[in-house]
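Just below is one structure, and these are the notes that go with it.
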Amino acid sequence: MNIFRKVTWETLKKNRVRTIVTIIGIILSTSMFTAVTTSISSIRAYMIESCMYQKGDYHGAYLNLPADEMNDFVQDEEVESAAFAQNIGYAAIGSQNAYKPYLFVMGADELFLDRMPVHLTSGRLPDNSNEIILPDHLFSNGCVEYHIGDTLTLQLGDRYYGDEKLDQSSGYWPEEEESPGETLEIRETRTYTVTGFYKRPDFEYHESPGYTAITLWDSSRPTETAAAYFRLTHPQTARLFASTLEGTTSLNTSLLRYEGAFGSESMQTVLYLMGAVLISLIMFGSVSLIYNAFSISVSERTKQFGLLSSVGATRRQIRQMVLEEAFDVSIVGIPLGIISGILGIGITFHELPDKWAILYLENLTYCLQM
């Protein structure tokens with residue numbers, strides 16, 4: 001240890017109160033900085049996970065992808081991965097909802113069940129293509145009641161309005177005086193066993209005329225079209241990529257915003273701007289506090305610096321002493337501040353009642369979307 005470092009250590013020990021106050025100031029500043037950045041990271045992660053739970057882990061949907069193009073689609077360099085579901089068909093179900101008269105049967109693959117918001121309320125998922133799960137709102141909205149273990153025999157077919165084939169994105173076309181309405185052309189009859197019920201899925205549009213029932217993908221039956229729910233290698237290209245697809249497409253805009261794919265529309269950008277404002281305020285206060293502490297230190301040590309200069313110490317060596325003092329208090333204060341910030345915000349989130357924490361985050365998410 002050289003003489004200048006030894007003098008710095010002795011000065012810090014001699015002025016214990018000022019040294020401790022300076023370290024506490026560094027701890028507070030660092031902990032506030034850490035708490036803000038950790039909070040922003042936690043809020044962003046919550047919004048993404050919540051969106052994936054409610055809407056599904058996908059960037060876009062291609063609802064009527066020709067089955068013979070599935071392999072080419074998933075091998076596209078723009079597509080990271082894709083979950084598929086067979087569009088098996090529609091069946092009249094005796095619904096009391098005049099604008100939702102059908103049951104729409106999808107045959108899902110394993111990735112679909114894992115990635116999409118299929119949340120059971122009772123029973124279990126189907127184990128094969130002869131089993132099926134039904135949505136809760138089939139009873140609450142359509143007044144059609146089934147129970148686990150019941151057998152459904154469905155006459156499945158396709159919807160047409162004139163010569164146009166309709167899908168789930170097209171609302172029901174009733175027969176009217178000026179219009180013949182849509183027709184259901186039956187293709188086959190299939191029997192399923194009900195194994196469970198699940199919450200109304202977000203991938204079923206409100207205007208969709210069919211309650212979405214899910215079975216497993218049946219590779220033995222011919223498939224004309226499938227719904228592809230895909231994630232992209234570069235989410236920023238989602239709109240451009242969707243515009244190149246021929247057919248009905250949609251984007252999971254909420255997830256894309258939270259992941260920062262839409263630039264100025266990104267919730268990530270809004271969060272980072274909020275964080276930048278808070279961090280700027282913290283840095284302003286921190287710099288003022290620490291600057292004042294070191295100004296006092298330098299003022300008190302003016303005589304010491306003069307003595308050192310008189311015995312040959314250069315300005316560079318004196319400056320190095322001040323920097324070493326800053327380093328010594330920082331090497332203690334910064335790690336403790338980081339630990340304190342992470343523990344503090346962790347305890348805060350943990351101690352908040354779940355319902356208040358969820359309400360706070362949901363309200364914040366709503367405000368960011370406005």
Side-chain angles (χ1 to χ4, degrees), residues 43-65 70 73-74 76 78-88 103-121 123-126 132-138 141 167-170 196-208 210-217 225-239 241-243 245 247-262 265-268 358 361-362 365-366 368-369:
I43 291 169
R44 179 174 178 268
Y46 167 81
M47 290 192 297
I48 291 175
E49 290 178 8
S50 177
C51 184
M52 287 179 177
Y53 179 85
Q54 295 175 10
K55 298 179 177 296
D57 181 12
Y58 70 99
H59 293 143
Y62 188 2
L63 299 184
N64 44 15
L65 170 68
M70 287 171 55
F73 182 81
V74 80
D76 191 310
E78 290 290 332
V79 178
E80 178 188 291
S81 60
F84 295 102
Q86 288 173 306
N87 296 323
I88 295 176
L103 189 69
F104 175 63
V105 182
M106 301 178 70
D109 64 9
E110 291 185 6
L111 186 57
F112 181 96
L113 293 175
D114 180 63
R115 176 175 290 179
M116 301 301 290
V118 179
H119 306 303
L120 289 174
T121 56
R124 61 173 176 81
L125 293 172
I132 200 168
I133 58 174
L134 302 175
D136 286 338
H137 67 304
L138 178 61
N141 181 267
D167 56 33
Q168 278 286 76
S169 65
S170 304
F197 294 88
Y198 74 110
K199 295 179 181 179
R200 177 174 184 154
D202 186 80
F203 53 84
E204 178 186 297
Y205 304 111
H206 285 284
E207 66 270 17
S208 296
Y211 300 92
T212 306
I214 299 176
T215 183
L216 288 189
W217 184 285
T225 62
Y229 294 85
F230 55 86
R231 285 188 62 88
L232 296 175
T233 306
H234 305 289
Q236 296 84 353
T237 64
R239 284 175 173 161
F241 180 79
S243 68
L245 302 176
T248 305
T249 61
S250 64
L251 295 178
N252 191 349
T253 53
S254 295
L255 182 60
L256 288 166
R257 284 194 182 100
Y258 297 153
E259 290 187 350
F262 284 166
E265 298 179 36
S266 166
M267 295 300 104
Q268 179 174 289
I358 292 172
L361 291 170
E362 286 180 345
T365 302
Y366 175 77
L368 290 173
Q369 290 176 327

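Hydrogens, waters and symmetry mates are skipped; everything else that's a heavy atom, side chains included, is used.
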Heavy-atom closest contact ([X] atom, [Y] atom, distance):
X	Y	result
T212	P135	O-CD, 3.2 Å
R44	Y258	NE-O, 3.5 Å
S169	T248	OG-CG2, 3.2 Å
G56	L255	O-CD2, 4.0 Å
Y198	I214	OH-CD1, 3.7 Å
L134	A213	CD2-CB, 3.7 Å

Report yes or no: do [X] and [Y] form a side-chain donor-acceptor pair below 3.5 Å?
X	Y	value
E80	H59	no
T225	N64	no
S250	Y205	yes

Any [X] side-chain heavy atom under 4.5 Å of [Y] side chain:
X	Y	value
L256	L251	yes
R257	T253	yes
F84	L111	no

Value rounded to 0.5 Å, distance of [atom1] in [X] from [atom2] in [Y]:
X	Y	atom1	atom2	answer
L125	I133	CG	CD1	5.5 Å
E110	W217	CD	CH2	13.0 Å
F203	L63	CZ	CG	11.0 Å
M116	D202	CE	CG	8.0 Å
S81	R115	OG	CZ	3.5 Å
Q168	E207	CD	CD	9.5 Å

Quick one: sort the F112 and Y229 rings into parallel, tilted or perpendicular, breaks at 30° and 60°.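 Answer is perpendicular, since the angle exceeds 60°.
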If the test is side chain to side chain contact (heavy atoms under 4.5 Å, CB included), which one of K55, E259, Q54 qualifies with S254?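 Exactly one pass, corresponding to K55.
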When you measure from the side chain of [X] to the backbone of [Y], do you find a donor-acceptor pair of N or O atoms at a distance under 3.5 Å?
X	Y	result
T121	F197	yes
N252	Y58	yes
E78	L232	no
D57	M52	no

Would F230 and D76 count as a side-chain contact (heavy atoms from CB on, under 4.5 Å) if you check the C-alpha gap in whole Å, the side-chain angles of each, and the deciding distance to 0.1 Å? CA-CA 11 Å; F230 55 86; D76 191 310; over 6 Å; no
Test side-chain contact (heavy atoms from CB on, under 4.5 Å) on N87 and D167 and set out the steps. CA-CA 9 Å; N87 296 323; D167 56 33; over 6 Å; no
Chi angles and distances behind the ring pair (Phe, Tyr, Trp, His ring centres under 6.0 Å) call for F241, H234: CA-CA 10 Å; F241 180 79; H234 305 289; over 10 Å; no
